[in-house]
J.: 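One structure is given below, represented as structure tokens, and several questions about it will come after.
Note: hydrogens, waters and symmetry copies are ignored here, and every other heavy atom, side chains too, is used. The model shown is predicted, which means the values in this text are computed figures rather than measured ones.
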Amino acid sequence: MITKDEFLALYEKYMSGQCTDAEKQLLDTYRDEMLLAEEGWDDEDANETDVRARIWQRLNQNRKVVSISKHKIYKSWWLQIAAVLLVALSAGLLFIPAKKNQETGNVNLTANKHPKPIVPGSNKAYLTLANGSQIVLDDAKNGALANQSGVKVNKTSNGVVVYKFDRKAGEKGQKDIPEINTITTPRGGQYQVILADGTKVLLNAASSIRFPEFFNGTNREVELTGEAYFEVAKDKAHPFIVKANGTQVQVFGTHFNINAYNDNQEITTTLLEGSVKMSKGLAAVMLLPGQQGSVNQNGSSIKVQKADVEANMAWINGFFVFHDQSIVNIMKQVSRWYDVDVEYQDAQVQENEFGGTISKYKDIKELLDNIKLTGSIHYKIEGRRVIIMK
């Protein structure tokens with residue numbers, strides 16, 4: 001294998017017109033590939049894999065027709081490697097930026113660092129115990145994931161990650177007062193929790209829930225930030241209460257969704273089954289199945305209306321569903337699920353509204369391309385930042 005200096009020497013020899021006929025024949029053989037590498041990447045929509053395939057297909061075809069005399073086989077082997085490297089580095093200009101040292105004039109080839117792909121979210125979270133220690137909960141193998149400090153974490157055969165505390169009040173060596181623990185999902189994560197009373201909680205991305213190891217008081221209380229869907233275990237003697245950003249939802253056994261992200265203007269509760277009491281300050285309302293209660297973060301008046309159940313529950317079913325949603329609200333969901341930052345080039349583009357349904361496990365570009373089809377916005381991706389423009 002020749003060194004980089006040897007390769008550059010051959011290339012400079014060719015450019016200065018000092019190559020032998022055999023050397024010129026080899027380098028001329030790959031002239032098309034050099035031109036392709038210089039000119040074939042101006043189109044932003046060109047596919048990198050396709051361009052690479054074309055280069056190497058033509059390279060292989062050209063190598064088959066090169067005729068080299070036997071008495072020059074050793075020298076030609078060296079030159080073929082040089083020619084291959086010439087094509088490879090020429091093609092590599094598509095992916096490898098060449099930086100020139102201003103002091104020495106030498107060319108330094110540095111590998112282009114491709115940004116990590118933007119992938120959809122998955123089951124991941126971390127559990128923070130009362131003593132501050134953490135257990136990472138992710139897409140591990142089926143079965144037991146952790147068993148410490150009375151915490152049992154398991155992944156079921158159907159791919160749902162659940163955990164449960166085993167400690168009970170009055171057990172030997174255990175305190176009667178339960179310790180408070182927290183499960184937090186990052187951006188790009190979701191997680192299903194099974195509390196000590198059997199209540200199921202599915203946390204959406206960028207959310208957290210604080211709860212006791214076991215319930216031993218009159219009420220079963222938890223605290224939520226972000227969004228979660230609850231299937232509360234029935235217990236008429238012990239109401240289940242969710243506190244979220246100054247709002248309280250009280251139930252005995254029901255199915256409902258609470259959206260209480262700090263960057264949303266309103267806190268909403270969508271009821272699917274049973275009944276709930278939603279309150280903030282002195283205001284309180286009862287919700288029936290199919291209804292939604294909403295209250296402004298800075299207000300106390302609770303508005304009750306018919307719920308858009310399909311859109312509000314879409315995240316649980318693996319979809320994004322938008323019914324005349326502003327691009328700002330849409331991109332908030334996209335930002336949390338794909339773990340990206342969003343930037344708007346101007347205020348006017350934020351006024352656009354869109355509707356549609358798409359799987360939240362699709363590539364982020366497919367989701368954005370569907371919005372782009374409306375012709376009202378365009379976008380570009382830089383690293384983990386999505387820029388929305390006219």
Side-chain angles (χ1 to χ4, degrees), residues 44-53 94-95 111-127 134-142 145 153 155-163 183-193 201-209 225-229 259 261 263 311-322 325 327-344 354 356-373 377-389:
E44 292 182 354
D45 294 328
N47 182 282
E48 175 182 324
T49 303
D50 291 343
V51 174
R52 278 187 178 273
L94 305 175
F95 320 107
N112 181 25
K113 296 181 179 179
H114 292 285
K116 292 183 178 180
I118 298 174
V119 298
S122 60
N123 289 336
K124 53 186 175 184
Y126 56 90
L127 165 66
Q134 292 186 340
I135 301 174
V136 176
L137 312 170
D138 56 17
D139 288 322
K141 295 179 180 179
N142 294 344
L145 304 181
V153 183
K155 183 177 180 181
T156 61
S157 59
N158 62 358
V160 176
V161 180
V162 298
Y163 97 97
I183 284 187
T184 304
T185 56
R187 295 202 306 180
Q190 64 179 20
Y191 196 75
Q192 180 169 315
V193 185
V201 184
L202 180 59
L203 286 175
N204 203 349
S207 302
S208 68
I209 184 171
T225 59
E227 184 171 23
Y229 169 69
N259 186 317
Y261 284 109
D263 59 352
N312 282 281
M313 306 307 297
W315 71 274
I316 296 174
N317 300 317
F319 290 92
F320 290 112
V321 175
F322 307 120
Q325 284 283 310
I327 188 65
V328 174
N329 288 335
I330 290 174
M331 294 309 298
K332 281 182 182 179
Q333 297 179 52
V334 171
S335 171
R336 297 180 193 119
W337 183 241
Y338 288 94
D339 187 16
V340 295
D341 295 319
V342 180
E343 177 183 318
Y344 301 92
F354 302 90
T357 299
I358 189 171
S359 169
K360 70 177 187 177
Y361 296 103
K362 293 285 188 181
D363 187 285
I364 189 173
K365 290 183 179 179
E366 185 169 341
L367 184 150
L368 295 171
D369 284 343
N370 275 279
I371 299 176
K372 180 181 175 182
L373 287 175
I377 70 162
H378 293 80
Y379 75 91
K380 62 180 178 179
I381 297 176
E382 295 180 351
R384 301 202 68 84
R385 183 176 55 159
V386 177
I387 302 173
I388 304 297
M389 63 196 80

J.: Starting at CG of Asn123, measure out to CD of Gln190 and round the result to the nearest 0.5 Å.
T.: 5.0 Å

J.: Could I get the full list of side chain to side chain contact (heavy atoms under 4.5 Å, CB included) partners for Asp263, not counting sequence neighbours?
T.: Tyr261, Lys332, Arg336

J.: Just by modelled atom types, is the Val340 backbone N or O under 3.5 Å from a matching donor or acceptor in the Ser335 side chain?
T.: yes

J.: For a quick test of reading the model, state the closest non-hydrogen atom pair linking Gly188 to Ala205 and the distance between them.
T.: N-CB, 4.0 Å

J.: Dump the intermediate steps for side chain to side chain contact (heavy atoms under 4.5 Å, CB included) on Val342 and Val334, then the final yes or no.
T.: CA-CA 9 Å; Val342 180; Val334 171; 5.8 Å; no

J.: Look only at the side chain of Trp337 and the backbone of Lys360, and say whether a donor-acceptor pair between them is shorter than 3.5 Å.
T.: yes

J.: May I ask you to test the Gln333-Trp315 pair for a side-chain heavy-atom distance under 4.5 Å?
T.: no

J.: Drop me the distance from Met331's CE to Phe354's CZ, to the nearest 0.5 angstrom.
T.: 10.5 Å

J.: Minimum heavy-atom separation for Ser359 and Tyr338, please, with both atom names.
T.: O-OH, 4.5 Å

J.: Do Thr184 side-chain atoms and Ser208 backbone N/O form a donor-acceptor pair below 3.5 Å?
T.: no

J.: Who passes ring pair (Phe, Tyr, Trp, His ring centres under 6.0 Å) against Tyr379, sequence neighbours left out?
T.: none

J.: Distance-only, no hydrogens or angles: does the Thr185 side chain make a donor-acceptor pair with backbone N or O of Ser207 under 3.5 Å?
T.: yes

J.: Could you check whether Asp369 pairs with Lys362 (Lys NZ or Arg NE/NH1/NH2 to Asp/Glu carboxylate O, under 4.0 Å)?
T.: no

J.: Could you pull out all residues at least two apart from Tyr344 that satisfy ring pair (Phe, Tyr, Trp, His ring centres under 6.0 Å)?
T.: none

J.: Output the distance between atom CD (Glu227) and atom CG (Leu202), rounded to the nearest 0.5 Å.
T.: 9.0 Å

J.: Calculate, to the nearest 0.5 Å, the distance between atoms CD1 and CD1 belonging to Ile327 and Ile377 respectively.
T.: 4.0 Å

J.: Hey, mind stepping through Leu203 and Ile209 against side chain to side chain contact (heavy atoms under 4.5 Å, CB included) and telling me if it holds?
T.: CA-CA 8 Å; Leu203 286 175; Ile209 184 171; 3.8 Å; yes

J.: Does Lys365 offer a backbone N or O that forms a donor-acceptor pair with the side chain of Asp363 under 3.5 Å?
T.: yes

J.: Quick one: pull up CG in Asn370 and CZ in Phe322 and give me the separation to the nearest 0.5 Å.
T.: 10.5 Å

J.: Is the backbone of Ile118 close enough, under 3.5 Å, to the side chain of Arg384 for a donor and an acceptor to pair up by distance?
T.: no

J.: Going through the checks in order, is the side chain to side chain contact (heavy atoms under 4.5 Å, CB included) test met by Gln192 and Ile183?
T.: CA-CA 10 Å; Gln192 180 169 315; Ile183 284 187; over 6 Å; no

J.: Please test Ile371 against Ile388 for side chain to side chain contact (heavy atoms under 4.5 Å, CB included), starting from the C-alpha separation and ending with a verdict.
T.: CA-CA 11 Å; Ile371 299 176; Ile388 304 297; over 6 Å; no

